[in-house]
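Notes to accompany the following structure.
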Amino acid sequence: MAPLPGLTRLFEHPIVQAPMAGGGSTPALAAAVSEAGGLGFLAAGYKTPAAMYEEIKQLRARTSRPFGVNLFMPQPPAADPAAVEVYAEQLAGEATWYRTPLGEPDQSCDDAYDAKLAVLLEDPVPVVSFTFGCPSRAAVDALARVGTVTIVTVTSAAEARAAREAGADAVCVQGVEAGGHQGTHHDDPHADGVGAGAGLLPLLAEVRESVPMPVVAAGGLMRGDQIAAVLAAGASAAQLGTAFLPCPESGAHPLHKRALSDALFVRTELTRAFTGRPARGLVNRFIREHGPYAPAAYPQVHHLTSGLRRAAAAAGDPQAMALWAGQGHRLARELPAGELVGVLVAELAAACGSPGC
C-alpha cells in the first residue's frame with residue numbers, strides 16, 4: 001500500500017466520506033464519520049462562501065477531529081448557448097406540469113471559487129479537495145503554507161499528472177462506477193455513450209503506474225471487502241458516497257434515500273439530463289425522456305432544472321429528481337454514520353486480517 005503521510009495522520013481508518021453537493025453532505029454527517037475515525041467531508045459546491053463557512057463552524061462545534069472541504073473548479077462558458085435554449089424549450093412541459101418556472105441558465109460559472117478559496121486560506125481546514133478541474137500551483141502552494149492537505153479528483157492518468165504538476169498532495173481516483181458527477185477536468189461530449197469512463201480498478205492501476213503519488217480510490221465502494229480490494233491494489237484510502245446517503249445524518253431527501261433500495265429503480269446510468277455534465281443516477285422518467293437530448297452545458301443546465309427538481313421533491317415525485325447513486329446502491333445500509341464506519345472497519349479487518357490492512 002502506498003504511503004499517504006499527509007492524510008494518514010488525519011484519520012484512524014482508511015475511510016473517507018465523499019463530499020456530496022446538493023444536500024447529501026452535512027456537518028452532522030461529516031462530524032459523525034470523523035468522530036468514528038474516518039475522514040468526513042463538507043461539500044461547498046452550489047453554496048455561497050458564507051454558507052460554506054457557516055457549515056465549517058457547525059462542523060467544528062460537533063467535532064475537534066480533522067475533516068475536509070470540497071471545492072468545484074470554475075467552468076468555461078457554454079460552448080453552444082443555442083443548444084441550451086433548445087433544451088429549455090423541450091423542458092417547457094415539465095415546467096407546466098410542476099407549476100414552476102425554469103431557472104435562468106446564464107448564471108455564474110465559477111461557483112464563487114475565488115471567494116471560497118480566500119475563506120479557506122483565512123481560516124484553514126485540514127483538507128481541501130477539488131472537483132471538475134485542477135487548481136493552480138499558486139492555489140495549492142498557498143494552501144500548503146497554511147497547513148492544508150490538498151486532493152484533486154481525477155478520472156484519468158493525464159489528469160493525475162496535471163495534479164502532480166500542480167503540487168497536490170494526493171489524487172482521488174474516481175471510477176465510472178461512482179454516483180453523482182464524474183469529476184473530469186474537461187467535459188468532452190464526444191466521450192459520451194457506452195464505454196464512457198474507466199472502471200475503478202483498471203484506472204487505479206493506470207494512475208499508480210503513471211504517477212508516483214498517493215491515491216484515494218472512489219467508485220461503487222459499499223463494503224469493507226471492497227475497501228480491502230482497493231487498498232491491495234495500491235490505494236491508501238477509500239472514498240464512499242452512496243454508502244453514506246441513507247444515514248440519518250445525511251441531508252439527502254427521504255425520497256432519494258428510499259429510492260436506493262426501491263425495486264422500481266433497477267439501474268443507474270450516466271446522464272446530462274439534470275446538469276449538463278455526466279453524472280450517475282438512478283434511471284427515472286426524467287432521465288429516460290430528456291437524457292438523450294441534454295446538451296453538454298454545465299452549470300447552465302443545472303441552473304435550468306434546479307427549480308424543477310425542487311418542485312418534484314415537494315410534490316413527492318422521485319421521477320423528476322436527481323437521484324444520484326453509484327452502481328453499488330443496492331448494497332446501501334440504513335445505519336447511523338458512525339455505526340456504518342464501524343461496520344466497514346470490521347468488514348475490512350475480516351477481509352485482510354487487520355483494520356487498516
Side-chain angles (χ1 to χ4, degrees), residues 7 10-11 16-35 38-75 103 107-136 138-153 168-170 172 180-181 183 216 218 239 241 244-245 247 249-253 275 277 279 298-299 302-303 306 309-310 322 324 337:
L7 276 180
L10 300 178
F11 52 72
V16 179
Q17 167 246 313
M20 295 173 284
S25 292
T26 66
L29 178 61
V33 172
S34 291
E35 280 290 302
L39 183 67
F41 254 93
L42 295 175
Y46 309 134
K47 293 183 174 68
T48 65
M52 176 195 74
Y53 189 52
E54 179 59 31
E55 287 204 344
I56 291 172
K57 290 190 291 184
Q58 292 177 21
L59 177 50
R60 285 173 171 156
R62 290 175 175 269
T63 183
S64 60
R65 296 203 176 193
F67 62 91
V69 175
N70 176 258
L71 298 181
F72 284 174
M73 294 298 299
Q75 299 299 293
Q107 300 182 39
S108 172
C109 295
D110 67 359
D111 200 49
Y113 171 78
D114 288 335
K116 291 174 183 176
L117 183 61
V119 170
L120 296 171
L121 290 172
E122 178 69 23
D123 192 353
V125 299
V127 185
V128 171
S129 68
F130 301 86
T131 300
F132 300 152
C134 186
S136 68
V140 172
D141 287 347
L143 287 166
R145 285 194 294 272
V146 297
T148 297
V149 173
T150 51
I151 305 174
V152 176
T153 304
D169 293 300
C172 178
H181 284 101
V216 176
Q239 180 170 285
F244 287 104
L245 274 180
C247 296
E249 299 92 342
S250 158
H253 194 283
T275 69
R277 232 184 191 276
Y298 176 87
H302 162 76
H303 295 313
S306 59
R309 288 176 271 142
R310 285 193 299 269
W324 303 138

Please walk me through it: do V127 and F41 pass side chain to side chain contact (heavy atoms under 4.5 Å, CB included)? CA-CA 9 Å; V127 185; F41 254 93; 3.8 Å; yes
Any residue meeting side chain to side chain contact (heavy atoms under 4.5 Å, CB included) with A337, in chain and number order, not counting sequence neighbours: L29, A32, V33, F244, C247, E249
Looking only at heavy atoms, what is the nearest atom pair of R277 and Q75, with distance? NH2-OE1, 3.3 Å
Can you name the nearest heavy-atom pair linking A322 to R309, along with the distance? CB-CD, 3.9 Å
Carefully, step by step, assess D111 and K116 under the rule side chain to side chain contact (heavy atoms under 4.5 Å, CB included). CA-CA 9 Å; D111 200 49; K116 291 174 183 176; 2.9 Å; yes
What pair of heavy atoms forms the shortest contact from C134 to V152, and how long is it? CA-CG1, 4.4 Å
Suppose we screen for side-chain hydrogen bond (donor to acceptor under 3.5 Å, both in side chains). Which residues come up paired with E35, at least two apart in sequence or across chains? T63
Here the gap from S136 atom OG to L117 atom CG, rounded to the nearest 0.5 Å, amounts to 8.0 Å
Rounding to 0.5 Å, atoms CG (L143) and CG (L120) come to a distance of 7.0 Å
Who pairs with Y53 by ring-ring contact (aromatic ring centres under 6.0 Å, His included), at least two apart in sequence or on another chain? none
Interatomic spacing from CG in L245 to OG in S250 - rounded to 0.5 Å: 5.0 Å
Value for OG1 (T26) from CE (M20), rounded to nearest 0.5 Å, stands at 8.0 Å
Go through the structure and list residues passing ring-ring contact (aromatic ring centres under 6.0 Å, His included) with F132, not counting sequence neighbours. F72, H181, Y298
What residues, two or more places apart in sequence or in another chain, satisfy side-chain hydrogen bond (donor to acceptor under 3.5 Å, both in side chains) together with E55? none
For A142, what residues pass the side chain to side chain contact (heavy atoms under 4.5 Å, CB included) criterion, not counting sequence neighbours? L121, R145
Write out all pairs satisfying salt bridge (charged side-chain N to carboxylate O under 4.0 Å, His left out) with one or both partners inside residues 121-134, taking only residues at least two apart or from two chains. R60-D123
Closest non-hydrogen atom pair, L71 against Y113: CD1-CE1, 4.0 Å
So, using side-chain hydrogen bond (donor to acceptor under 3.5 Å, both in side chains) as the criterion, who are the partners of R310 when residues are at least two apart? none
Applying salt bridge (charged side-chain N to carboxylate O under 4.0 Å, His left out) to D114 and not counting sequence neighbours gives none
One should read off an interatomic distance between T275 OG1 and H303 NE2, to the nearest 0.5 angstrom, of 10.5 Å
Partner residues of A118 under the side chain to side chain contact (heavy atoms under 4.5 Å, CB included) criterion, sequence neighbours left out: none
Taken in chain and number order and not counting sequence neighbours, the residues that satisfy salt bridge (charged side-chain N to carboxylate O under 4.0 Å, His left out) with E54 are K57
In chain order, what residues pass the side chain to side chain contact (heavy atoms under 4.5 Å, CB included) check against S34, with sequence neighbours excluded? R65, F67
What pair of heavy atoms forms the shortest contact from V16 to V216, and how long is it? CG2-CG1, 4.4 Å
Check Y46 against G22 and note the closest heavy-atom contact, atom names and distance. CD1-N, 3.9 Å
